[in-house]
Amino acid sequence: QLRLVESGGGLVQPGGSLRLSCVASGIMFDRYNIGWFRQAPGKEREGVSCISRMRGSTDLADSVKGRFTISRDNAKKTVYLDMNNLTPEDAAVYYCAAKSVILSVPCTLSDSEYNSWGQGTQVTVSA
């Protein structure tokens, strides 16, 4: 069974940067599309970014385009989310999630498509 562990969250000032990591354990990591999601207090969970199993496709929410970048290293079973120019609106618990795919299909920012989730890492943006 695939297990996901996020790390890299923390407190950062507005305009700062963080790199989140999502490390997977289990088998066949390269058969999973991976997504990053976030949920702020009192708000619904939203898709932030995703990357397909062989890095063939990525997607970013409009709110983070130009500031966030997603990448993956299948040999390390790790997906990264590089976040730059952070604002207080980016503060949330960030989760990574995995979707098993047989073929190389585009990833999606719809959380209902994912069936394995990490425990989350807190990102706080404050002066």
Side-chain angles (χ1 to χ4, degrees):
Q1 183 176 355
L2 187 67
R3 181 170 176 259
L4 303 170
V5 178
E6 304 95 333
S7 63
L11 172 63
V12 63
Q13 292 184 343
S17 299
L18 284 174
R19 166 175 264 202
L20 304 184
S21 297
C22 172
V23 180
S25 60
I27 59 173
M28 298 181 182
F29 177 70
D30 60 358
R31 294 193 179 183
Y32 289 81
N33 287 356
I34 303 295
W36 280 102
F37 298 82
R38 67 186 181 187
Q39 188 166 23
K43 295 187 177 181
E44 293 188 356
R45 185 166 57 193
E46 64 170 331
V48 176
S49 186
C50 66
I51 187 165
S52 63
R53 55 179 281 195
M54 299 303 291
R55 302 183 294 277
S57 77
T58 61
D59 199 5
L60 288 165
D62 289 342
S63 59
V64 304
K65 283 180 179 176
R67 302 188 297 121
F68 289 15
T69 303
I70 191 170
S71 60
R72 69 188 290 165
D73 184 334
N74 285 344
K76 295 182 178 180
K77 296 186 178 181
T78 302
V79 172
Y80 304 100
L81 184 68
D82 289 296
M83 308 187 296
N84 298 307
N85 195 20
L86 286 161
T87 73
E89 288 69 37
D90 295 314
V93 177
Y94 283 71
Y95 301 89
C96 65
K99 175 187 177 182
S100 177
V101 292
I102 297 176
L103 301 175
S104 293
V105 298
C107 64
T108 174
L109 294 180
S110 173
D111 59 359
S112 63
E113 296 287 320
Y114 294 82
N115 41 36
S116 296
W117 291 81
Q119 84 291 345
T121 185
Q122 177 73 51
V123 172
T124 303
V125 184
S126 175

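What you see below is based on every heavy atom in this structure, not just the backbone, and it leaves out hydrogens, waters and symmetry mates.
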For this session: Before giving the answer on side chain to side chain donor-acceptor pair (under 3.5 Å), spell out for S112 and S110 the whole-Å C-alpha distance, their side-chain angles and the decisive distance to 0.1 Å.
Result: CA-CA 5 Å; S112 63; S110 173; 3.0 Å; yes
Roughly how far, to the nearest 0.5 Å, is the [atom2] atom of [Y] from the [atom1] atom of [X]?
X	Y	atom1	atom2	value
R67	N84	CZ	CG	9.0 Å
D90	S63	CG	OG	7.0 Å
F37	E44	CZ	CD	13.0 Å
C22	F29	SG	CZ	6.5 Å
L2	S100	CG	OG	9.0 Å
I34	N74	CD1	CG	8.5 Å

Heavy atoms only: give me the nearest [X]-[Y] pair and the separation to one decimal.
X	Y	answer
K65	L60	CE-O, 3.1 Å
A98	Y114	C-CD2, 3.5 Å
A61	G47	CB-O, 3.4 Å
Q119	V5	OE1-CA, 3.8 Å
S57	P106	OG-CA, 3.3 Å
A40	A92	N-CB, 3.8 Å

For residues [X] and [Y], determine if any side-chain heavy atom of one lies less than 4.5 Å from a side-chain heavy atom of the other.
X	Y	answer
T108	D59	no
T69	M83	no
I51	V79	yes
I70	R72	no
T87	P14	no

May I ask you to decide if [Y]'s main-chain N or O and [X]'s side chain share a donor-acceptor pair within less than 3.5 Å?
X	Y	answer
T121	S7	no
T78	K76	yes
E6	G120	yes

Exercise. Does the side chain of N33 come under 3.5 Å of the side chain of S52 through a donor N or O and an acceptor N or O?
Worked result: no
Exercise. Any Lys/Arg nitrogen of R45 or D111 sitting under 4.0 Å from an Asp/Glu carboxylate oxygen of the other?
Worked result: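 A salt bridge links R45 with D111.
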Problem set entry | side chain to side chain contact (heavy atoms under 4.5 Å, CB included) between L81 and Y94, intermediate numbers included | CA-CA 10 Å; L81 184 68; Y94 283 71; 4.2 Å; yes
Exercise. For D30 and R53, what are the C-alpha separation, side-chain angles and deciding distance, and is it a salt bridge (Lys or Arg N to Asp or Glu O under 4.0 Å)?
Worked result: CA-CA 5 Å; D30 60 358; R53 55 179 281 195; 5.2 Å; no
Exercise. Hey, mind stepping through V48 and L109 against side chain to side chain contact (heavy atoms under 4.5 Å, CB included) and telling me if it holds?
Worked result: CA-CA 7 Å; V48 176; L109 294 180; 6.0 Å; no
Exercise. When you look at R38 and Y95, which way does the side chain to side chain contact (heavy atoms under 4.5 Å, CB included) test go after all the steps?
Worked result: CA-CA 6 Å; R38 67 186 181 187; Y95 301 89; over 6 Å; no
Problem set entry | side-chain contact (heavy atoms from CB on, under 4.5 Å), paired with F68, selected from L86, L18, L20 |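 The residue from L86, L18, L20 that satisfies side-chain contact (heavy atoms from CB on, under 4.5 Å) with F68 turns out to be L86.
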